[in-house]
Amino acid sequence: MRQNHSGGKVLTQFDATIASANELVLDFPNGEPPPAMHSLAIVIPSAGPRSAFLAHTHTMAQILGLLDALAGVYSRLDVLRDGLIEGADLLRALLTALMDSGASAASL
């Protein structure tokens with residue numbers, strides 16, 4: 001909690017109690033005047049380190065752009081695979097032709 005103005009001080013002279021899953025109670029010191037309306041800024045984080053790493057899963061469709069990105073990768077892999085197969089077939093044909101022409105394996 002801090003004073004709600006530019007350069008406002010961070011305030012620590014109060015007690016905070018979690019009253020329920022949806023309620024936080026701030027107790028200010030007795031004998032102090034209550035804070036003026038809109039004079040305080042309070043940040044209550046809704047997620048902490050523990051909740052950020054709880055095990056959970058997502059379907060591929062829930063992750064925006066993932067299916068399109070994977071489709072692009074698969075397409076490029078298909079091109080590479082086809083190129084490797086064609087290259088291997090070409091190399092096999094070349095070696096067969098050389099062997100059929102009487103060239104020895106040592107001369108290759």
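Values below: every heavy atom of this structure, side chains too, minus hydrogens, waters and symmetry copies.
- Proximity of Ile42 to Arg2: side-chain heavy atoms (C-beta onward) are nowhere separated by under 4.5 Å.
- Of the inter-residue distances, the one linking Asp78 atom CG with Arg81 atom CZ reads 4.5 Å to the nearest 0.5 angstrom.
- Cluster membership for Leu90 and Leu98, using ILVMFWY side-chain heavy atoms within less than 4.5 angstrom, is not shared.
- Of all the heavy atoms in Val25 and Ala19, the pair that sits closest is CG2-CB, 3.8 Å.
- Distance check, rounded to the nearest 0.5 Å: CG of Leu70 to OG of Ser75 gives 12.5 Å.
- In the displayed structure, Ile18 atom CD1 is contacted under 6.0 Å by at most 12 heavy atoms of other residues, nucleotides or ligands.
- No donor-acceptor distance shorter than 3.5 angstrom exists from the side chain of Glu86 to the backbone of Gly83, with no hydrogens or angles considered.
- Rounding to the nearest 0.5 angstrom, the gap separating the CZ atom in Phe28 from the CG atom in Leu40 is 5.5 Å.
- Shown here for Ala61 and Leu67, the closest heavy-atom pair between the two residues is CA-CD1, 4.0 Å.
- Ile85 is not connected to Leu94 by any chain of hydrophobic side-chain contacts under 4.5 Å among Ile, Leu, Val, Met, Phe, Trp and Tyr, and they are in different clusters.
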Applying side chain to side chain contact (heavy atoms under 4.5 Å, CB included) to Met99 and Thr96, what does each step give before you reach the verdict? CA-CA 5 Å; Met99 296 299 284; Thr96 301; 5.8 Å; no

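- More than 12 heavy atoms of other residues, nucleotides or ligands shown are found within 6.0 angstrom of NE2 on His5.
- Taking CG of Leu77 as the reference point, atom CG of Leu84 lies at 10.5 Å (rounded to 0.5 Å).
- Here the side chains of Arg92 and Leu95 are not in contact, with every heavy-atom distance at 4.5 Å or above.
- Annotation: Leu64, atom CG; neighbour count of heavy atoms from other residues, nucleotides and ligands within 6.0 Å does not exceed 12.
- The heavy-atom pair separating Asp27 from Thr17 by the smallest distance is OD2-OG1, 4.3 Å.
- Note that CG of Asn4 and CG of Leu11 are 10.5 Å apart. Values are rounded to the nearest 0.5 Å.
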